[in-house]
Amino acid sequence: QIMKRNDLVKTLIIMLSTVIATVGLALLLNLHTGPIIEANKAGAENEALNAVMPGATGFEEITSTLTIDPSTGVTNVYKEKSGNGYVFKATKDGFSKPVNVVVGVDANGVITGITVEIGEGDFPVNDMIPTFVGQDSTLAGVILQTGATASSKAVKAAVEAGFLVLSSNNLMQAAAKSPEQVFEELLPSIVSGFGKGKALSQSGDIYEVSQVVKTLMYRDKSKGLSL
């Protein structure tokens with residue numbers, strides 16, 4: 001019985017030693033690889049930010065210092081360390097899946113770059129993306145992409161949300177929309193099907209379009225609207 005007891009004690013000691021060694025090895029590996037993993041994540045993050053703001057010297061996340069309504073879809077805001085502007089991340093629902101954007105905005109409120117992630121199965125908006133660069137908060141020159149209306153609208157809405165967060169937190173001043181742009185944006189609600197994503201400049205002379213709208217509205221008094 002003494003022999004059996006000694007064997008049991010030896011077995012327990014061996015098992016305990018194995019557990020201690022395994023845990024110790026795991027801790028050592030974590031101490032070694034943890035910083036590497038975090039550095040890789042930070043590197044990937046900076047790469048995504050640098051992609052939309054060329055020449056940036058570094059970024060500081062300021063999301064927690066801002067007032068952001070969750071309904072805007074804006075998830076992160078970063079300040080460029082040398083004062084060149086801001087980068088924001090935002091998401092909106094696309095045709096079937098969320099659309100994610102990363103947008104750089106310089107100190108003058110002009111877009112320096114944008115990357116867009118469209119859900120698998122949704123139509124890409126490759127032709128639309130370049131039209132954002134150089135635009136201010138009015139996005140006056142941005143044209144929705146034919147054949148990808150839902151995705152296009154989601155991308156534009158996400159960018160508009162980011163600008164709203166920046167301006168509402170006094171990080172930049174929102175640009176004023178021209179009367180022509182306001183008119184263009186109101187037309188779809190007045191005349192069903194107008195534009196279909198085209199800029200007003202593609203749809204004819206503003207004066208001629210306004211006359212058509214007026215004629216339609218006066219003809220249909222039941223709408224209760226006038227211009």
Side-chain angles (χ1 to χ4, degrees), residues 39-69 72-94 98-119 122-145 148 151-178 180-182 184-185 197-202:
N40 288 338
K41 287 173 62 178
E45 183 74 25
N46 283 329
E47 185 177 347
L49 302 180
N50 284 317
V52 298
M53 187 169 283
T57 59
F59 296 92
E60 174 190 359
E61 183 166 6
I62 59 173
T63 310
S64 61
T65 67
L66 306 179
T67 300
I68 302 177
D69 186 338
T72 62
V74 177
T75 56
N76 305 85
V77 179
Y78 305 84
K79 180 180 180 180
E80 202 279 329
K81 290 185 176 180
S82 62
N84 286 335
Y86 302 89
V87 173
F88 63 80
K89 294 181 178 181
T91 182
K92 291 288 185 181
D93 289 334
V99 170
N100 303 305
V101 303
V102 181
V103 183
V105 180
D106 69 17
N108 295 316
V110 175
I111 295 176
T112 57
I114 177 173
T115 58
V116 179
E117 181 184 348
I118 301 290
D122 282 1
F123 292 102
V125 291
N126 298 334
D127 295 338
M128 177 190 186
I129 294 174
T131 68
F132 281 98
V133 179
Q135 298 292 317
D136 58 24
S137 62
T138 65
L139 303 181
V142 174
I143 301 172
L144 302 184
Q145 183 160 329
S151 297
S152 296
K153 287 183 176 180
V155 172
K156 188 176 181 181
V159 177
E160 289 174 334
F163 270 116
L164 176 62
V165 167
L166 293 180
S167 61
S168 63
N169 283 275
N170 298 316
L171 299 179
M172 58 156 278
Q173 185 174 357
K177 294 183 179 182
S178 67
E180 291 82 6
Q181 185 181 358
V182 173
E184 179 184 346
E185 292 176 353
K198 295 182 179 180
L200 192 58
S201 59
Q202 294 178 302

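Source: prediction; values computed, not measured.
Atoms CG and NZ, from Asn84 and Lys79 in turn, are 11.0 Å apart once rounded to the nearest 0.5 Å. Taking CD1 from Ile129 and CD1 from Ile118, the interatomic distance works out to 7.0 Å, rounded to the nearest 0.5 Å. With rounding to the nearest 0.5 Å, the separation of CG in Asn76 from CG in Leu66 is 10.5 Å.
A donor-acceptor pair is defined here as one N or O able to donate and one able to accept, closer than 3.5 Å; such a pair exists between the side chain of Asp106 and the backbone of Asn108. Formation of a donor-acceptor pair under 3.5 Å by the Ser152 side chain with backbone atoms of Gln145 is found in this model. Using a distance-only test at 3.5 Å, with no hydrogens or angles considered, no donor-acceptor pair links the side chain of Ser167 to the main chain of Met172. In this structure, Glu117 contributes its side chain and Asn100 its backbone to no donor-acceptor pair below 3.5 Å. A side-chain donor-acceptor contact under 3.5 Å links Thr112 to the backbone of Gly104. Counting only distance, with no hydrogens or angles, the side chain of Lys92 and the backbone of Thr72 share a donor-acceptor pair below 3.5 Å.
Pairing each heavy atom of Thr57 with each of Glu80, the nearest pair is N-OE2, 2.6 Å. Taking all atoms of both residues into account, the shortest heavy-atom contact from Gln135 to Gly141 is OE1-N, 2.8 Å. In this structure, Thr138 and Ala176 approach most closely via the heavy-atom pair CG2-O, 3.5 Å. Across all non-hydrogen atoms, the minimal contact from Val102 to Ala48 is CG1-O, 4.1 Å. Contact detail for Asp127 and Thr131: the closest heavy-atom pair is O-CG2, 4.0 Å. Minimum heavy-atom separation, Glu61 to Thr63: OE2-OG1, 2.9 Å.
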Next on the checklist: I'd like to know whether Asn50 forms a side-chain contact (heavy atoms from CB on, under 4.5 Å) with Phe59, so could you lay out the CA-CA distance, the side-chain angles of the two residues, the decisive distance to 0.1 Å, and finally the verdict.
Outcome noted: CA-CA 9 Å; Asn50 284 317; Phe59 296 92; 3.4 Å; yes

Checklist entry - Can Ser151 and Met128 be said to form a side-chain contact (heavy atoms from CB on, under 4.5 Å), step by step? => result CA-CA 10 Å; Ser151 297; Met128 177 190 186; over 6 Å; no

Checklist entry - What do the steps show when you test Thr65 against Asn169 for side-chain contact (heavy atoms from CB on, under 4.5 Å), and what is the final call? => result CA-CA 10 Å; Thr65 67; Asn169 283 275; over 6 Å; no

Next on the checklist: Applying side-chain contact (heavy atoms from CB on, under 4.5 Å) to Ile68 and Val77, what does each step give before you reach the verdict?
Outcome noted: CA-CA 10 Å; Ile68 302 177; Val77 179; 4.3 Å; yes

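Within the 4.5 Å cutoff, the side chain of Phe132 has heavy atoms near those of the Val155 side chain. Counting heavy atoms from C-beta outward, Asn46 and Tyr78 have side chains that stay 4.5 Å or more apart. At a threshold of 4.5 Å between non-hydrogen side-chain atoms, the residues Val142 and Val159 do not count as touching. With a 4.5 Å cut-off on side-chain heavy atoms, Val105 and Leu171 do not count as touching.
Shown here is Lys153, whose NZ atom has no more than 12 heavy atoms of other residues, nucleotides or ligands within 6.0 Å.
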